[in-house]
Amino acid sequence: MPPADTGASTVVVGASAPSSPVTTTAAPASTRERLEPGRPGYRRMSFALFAAGVAAFALLYSTQALLPAVSASFDATAGQASWTVSAATGALALFVLPLSALSERFGRRQMMTASLAVAVLVGLLVPLAPSMGALIALRAVQGAALAGLPASAMAYLAEEVRPKALIAAIGLFVAGNSIGGMSGRILTGWVAQAWGWRAALAAVGLLALACAVAFHFLIPKARNFRAGSLNPKALAKTVATHLGNPLLVRLYAIGALFMTVFGAVYTVIGYRLVEEPFSLPQGVIGSIFLVYLVGTVSSAAAGRLVARLGRRGALYLAVSTTAAGLLLSLADQLAAVLLGLVLITAGFFAGHAVASSSVSRTATEGRAQASALYQSAYYLGSSAGGTLGAVAFHAGGWAATVALGLLAVLGVVSITLYGTRVARAERRALVPATATR
């Protein structure tokens with residue numbers, strides 16, 4: 001199977017690879033030592049990265065459900081309070097590439113451990129912020145620290161897990177993301193209702209601390225990592241090579257477009273449900289994020305989908321599910337809207353799991369940088385989706401937000417179809433050369 005059935009050509013063994021941002025000093029371990037289901041260490045690794053995903057996304061989005069309370073506490077506008085979320089996601093997008101480069105030198109496991117430790121420490125300080133400025137600054141530091149986790153985790157899995165089990169392993173990590181994202185919004189809402197927003201952020205900090213401790217004791221040592229000294233010129237060349245790889249660029253675009261849909265929907269859905277004909281209270285609207293549990297299931301099942309449908313088939317199923325959910329959400333019946341959210345969430349997390357794992361398999365060198373670029377595109381898509389979705393809603397209502405989402409879905413389909421044509425053309429070009437041998 002090609003490294004990515006999004007329309008890419010297969011990575012050819014022996015082809016020139018990107019320059020590594022490090023100078024290698026150790027030989028790789030045998031691939032026979034890689035983890036797979038049923039072998040020692042695989043279950044520990046799965047639980048460890050699941051816990052890391054929960055901690056990271058619980059911390060990253062911890063203030064999103066608390067913005068009204070934060071605004072009231074500091075007498076701030078909604079726009080000012082929103083920076084407690086934007087500062088974290090923006091810093092993550094900015095620092096994910098340089099921290100992934102450090103993981104090439106110091107190790108994936110070490111980088112993930114350090115990132116979680118710093119993020120949790122800051123998370124325990126966040127509830128003590130004396131001002132809005134201090135809160136935003138702490139959240140920016142927290143986002144920068146968390147940037148060391150996602151790309152390093154993808155690279156760790158690509159190096160330590162057998163290729164056939166890679167998508168399933170990454171799916172479990174993404175499943176942890178969905179659980180963390182959900183808890184970072186729902187748990188804080190309920191705790192804040194009883195004890196205030198500071199207690200809610202403290203609760204998330206303690207949850208993340210427990211997850212970080214579990215990660216530290218469960219994660220197996222890396223056996224296939226090759227350490228080296230940093231080389232800034234080689235790093236720049238590696239990044240340029242990745243950006244010059246049509247397949248990787250297509251995967252980055254797919255991740256960004258999927259996140260554009262997701263960001264638009266979950267930024268605006270509260271406005272839709274608080275208005276007629278629904279008129280739901282804020283507490284009930286906050287509980288809508290329980291739908292994230294669907295993402296836990298769909299991302300964990302991504303490996304099985306690829307096994308049955310191939311990567312292109314899994315992506316087509318993901319975008320079809322997302323599009324169906326968007327159209328269903330146009331109805332004025334609450335049950336239809338909720339079912340639409342279920343389909344959108346399931347499609348998004350499945351598509352994200354397939355695209356992100358394809359990046360890890362496609363990049364034969366500089367995997368951390370390849371995954372870091374995907375994460376940057378992913379969070380840029382989140383920012384764009386949230387902003388454009390809100391603009392569309394205020395201009396034309398929920399129908400305009402749905403139209404934006406469908407446009408992003410069409411972009412994913414177009415990219416995948418184009419890649420399919422490229423792959424078929426390359427296979428046809430290889431037939432005459434094979435026949436003359």
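Each residue takes its place number in the sequence, starting with 1.
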Please check this pair: side chain of R108 against backbone of A153, looking for a donor-acceptor N/O pair closer than 3.5 Å. no
How about CZ on F95, more than 12 heavy atoms from neighbouring residues, nucleotides or ligands closer than 6.0 Å, or not? no
Between S298 (side chain only) and A346 (backbone N and O only), is there a donor and an acceptor less than 3.5 Å apart? yes
From L290 atom CG to T345 atom OG1, the distance as rounded to the nearest 0.5 Å: 11.0 Å
Judged by atom type as modelled, is there a donor-acceptor pair below 3.5 Å linking the side chain of S62 to the main-chain atoms of L59? yes
Looking at the rings of H242 and Y252, which for Trp means the six-membered one, are their centres under 6.0 Å apart? no
Less than 4.5 Å apart, side chain to side chain, heavy atoms only: is that true for R109 and K221? yes
State, with a plain yes or no, whether a side-chain heavy atom of I254 is found less than 4.5 Å away from one of V354. no
Does any non-hydrogen side-chain atom of L328 lie less than 4.5 Å from one of I344? no
Quick one: OH on Y42 to CZ on F47, what's the gap to the nearest 0.5 Å? 11.0 Å
Rounded distance [0.5 Å steps], CE in M45 versus CD1 in I219: 7.0 Å
Quick one: does any side-chain atom of R272 pair with a main-chain N or O of S329 as donor and acceptor, under 3.5 Å? yes
Between CG on residue L247 and OG on residue S358, distance to nearest 0.5 Å: 7.5 Å
Looking at V412, is its backbone amide N or carbonyl O close enough to the side chain of R250 to form a donor-acceptor pair, meaning the two atoms are under 3.5 Å apart? no
Side chain to side chain contact (heavy atoms under 4.5 Å, CB included) between V96 and Y379, intermediate numbers included: CA-CA 10 Å; V96 67; Y379 285 106; over 6 Å; no
Got a second to check how far F215's CZ is from L149's CG, nearest 0.5 Å? 7.0 Å
Can you measure from CG (L417) to CG (L315) and round to the nearest 0.5 angstrom? 11.0 Å
Regarding E276 and S279, do their side chains bring together a donor and an acceptor under 3.5 Å, going by distance alone? yes
Given side chains that start at C-beta, do those of W398 and V337 come closer than 4.5 Å, heavy atoms only? no
Indicate the ring-plane relationship of Y266 and F262, choosing parallel, tilted or perpendicular according to the 30° and 60° boundaries. tilted
Answer yes if the ring centres of Y378 and F258 are under 6.0 angstrom apart, and no otherwise. no
Checking the side chain of S376 only, and the main-chain atoms of A93 only, is there a donor and an acceptor separated by less than 3.5 Å? yes
Worked verdict on L248 versus L373 for side chain to side chain contact (heavy atoms under 4.5 Å, CB included): CA-CA 9 Å; L248 288 176; L373 290 171; over 6 Å; no
